[in-house]
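Note that this is a predicted model, so its numbers are computed, not measured.
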Amino acid sequence: EVHKDGVWRWWREGKANNKMLKKIQELQPPSEEQLRQDPNLNIKVATELCFMLSDIATFLACNKALSLGFIFIQNGIQNLNRAFQERTKECLELKAKLEARQSITLKKRNQDILNVEAEDLRKKNSELQIQLADTNKKYTALLVEMERLQQVR
């Protein structure tokens, strides 16, 4: 049955031929993988399922207990959807916090490496300053020796 809004309400088909039954059987909700990859799809699917249940409950309103059962299921799906959306939000927030902490940890690690390298460079500089002072002393001593030798000649 196609409703005035253009949606095919296949669940209302009372007398369906084999071709229509095959087409109905081929209809499948999105896979778990698709639902995990697209949180917005979850909202759409939950809304569609709730619509279907509401329509079925309205269609079968003559049986009050069955109608209440569909309303129960509809409310359960809506609650699951809201809970899922909250979990998704929490997961995204935790992911952002984790990435921030990993960034801080990486920066600290890099800073620690730079500090070690800076300390190594200070030590090397100190060693080179000592070598320079020693070389200057030897140079000065050689100059003095050269002057002495020139005076002897």
Side-chain angles (χ1 to χ4, degrees), residues 1-140:
E1 174 181 320
V2 177
H3 194 262
K4 60 185 174 193
D5 60 8
V7 176
W8 178 37
R9 296 181 177 174
W10 52 266
W11 56 89
R12 283 192 174 188
E13 297 294 341
K15 295 181 180 177
N17 59 28
N18 286 339
K19 182 178 176 185
M20 186 178 292
L21 288 174
K22 183 165 176 61
K23 188 173 181 181
I24 290 171
Q25 287 175 333
E26 289 173 356
L27 294 174
Q28 293 295 318
S31 69
E32 292 175 37
E33 184 63 30
Q34 289 170 313
L35 292 170
R36 276 195 302 265
Q37 289 177 357
D38 185 359
N40 294 322
L41 182 61
N42 293 309
I43 296 169
K44 180 180 182 237
V45 169
T47 302
E48 288 173 354
L49 290 174
C50 287
F51 168 76
M52 286 175 65
L53 287 171
S54 176
D55 188 64
I56 292 170
T58 304
F59 188 70
L60 299 174
C62 58
N63 183 336
K64 189 66 174 168
L66 189 58
S67 180
L68 289 173
F70 282 117
I71 291 169
F72 179 88
I73 294 168
Q74 179 182 4
N75 289 337
I77 290 172
Q78 288 172 337
N79 291 343
L80 285 170
N81 185 45
R82 283 192 289 273
F84 177 78
Q85 293 306 315
E86 279 299 311
R87 285 284 181 229
T88 299
K89 182 180 172 186
E90 290 171 9
C91 286
L92 292 173
E93 289 170 357
L94 288 172
K95 182 180 177 187
K97 285 181 182 178
L98 176 63
E99 288 173 353
R101 286 186 180 163
Q102 286 174 335
S103 175
I104 290 169
T105 302
L106 182 61
K107 286 178 185 176
K108 182 167 178 2
R109 225 180 287 141
N110 288 341
Q111 186 61 46
D112 291 345
I113 290 169
L114 288 175
N115 289 342
V116 168
E117 289 177 356
E119 183 60 31
D120 289 347
L121 289 172
R122 281 192 281 278
K123 287 178 183 176
K124 185 73 172 172
N125 183 39
S126 180
E127 291 169 5
L128 290 173
Q129 291 293 337
I130 291 170
Q131 286 179 0
L132 177 63
D134 187 47
T135 303
N136 280 337
K137 284 181 188 176
K138 289 178 182 175
Y139 175 74
T140 302

To the nearest 0.5 Å, how far apart are [atom1] in [X] and [atom2] in [Y]?
| X | Y | atom1 | atom2 | value |
| --- | --- | --- | --- | --- |
| Thr88 | Asn42 | OG1 | CG | 6.5 Å |
| Gln85 | Asn40 | CD | CG | 7.5 Å |
| Gln129 | Asn136 | CD | CG | 10.0 Å |
| Cys50 | Ile73 | SG | CD1 | 10.5 Å |
| Ile104 | Lys108 | CD1 | NZ | 11.5 Å |

With a 4.5 Å limit on heavy-atom distance, are the side chains of [X] and [Y] in contact?
| X | Y | value |
| --- | --- | --- |
| Ile130 | Asp134 | no |
| Arg82 | Glu86 | no |
| Leu94 | Leu98 | no |
| Ile77 | Gln74 | no |
| Leu128 | Gln131 | yes |

*Do you know which two heavy atoms are closest between Leu35 and Pro30, and how far apart they sit?*
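Closest pair (atom of Leu35, atom of Pro30, distance): CD1-O, 3.9 Å.
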
*Is the closest side-chain donor-acceptor distance between Glu33 and Gln37 under 3.5 Å?*
yes

*asked:* With no hydrogens and no angle check, just 3.5 Å: does a side-chain donor-acceptor pair link Asn115 and Glu119?
replied: no

_Basic-acidic side-chain contact under 4.0 Å: Asp120, Lys124_ = no

_Salt bridge Glu48-Lys44, side-chain N to carboxylate O under 4.0 Å_ =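 Yes, charged N to carboxylate O under 4.0 Å.
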
*What do the steps show when you test Ser103 against Glu99 for side-chain contact (heavy atoms from CB on, under 4.5 Å), and what is the final call?*
CA-CA 6 Å; Ser103 175; Glu99 288 173 353; over 6 Å; no

Check: [Y] main-chain N/O paired with [X] side-chain donor or acceptor under 3.5 Å:
| X | Y | answer |
| --- | --- | --- |
| Ser126 | Arg122 | no |
| Thr47 | Ile43 | yes |
| Thr105 | Arg101 | yes |

*More than 12 heavy atoms of other groups within 6.0 Å of Arg87 CZ*: no

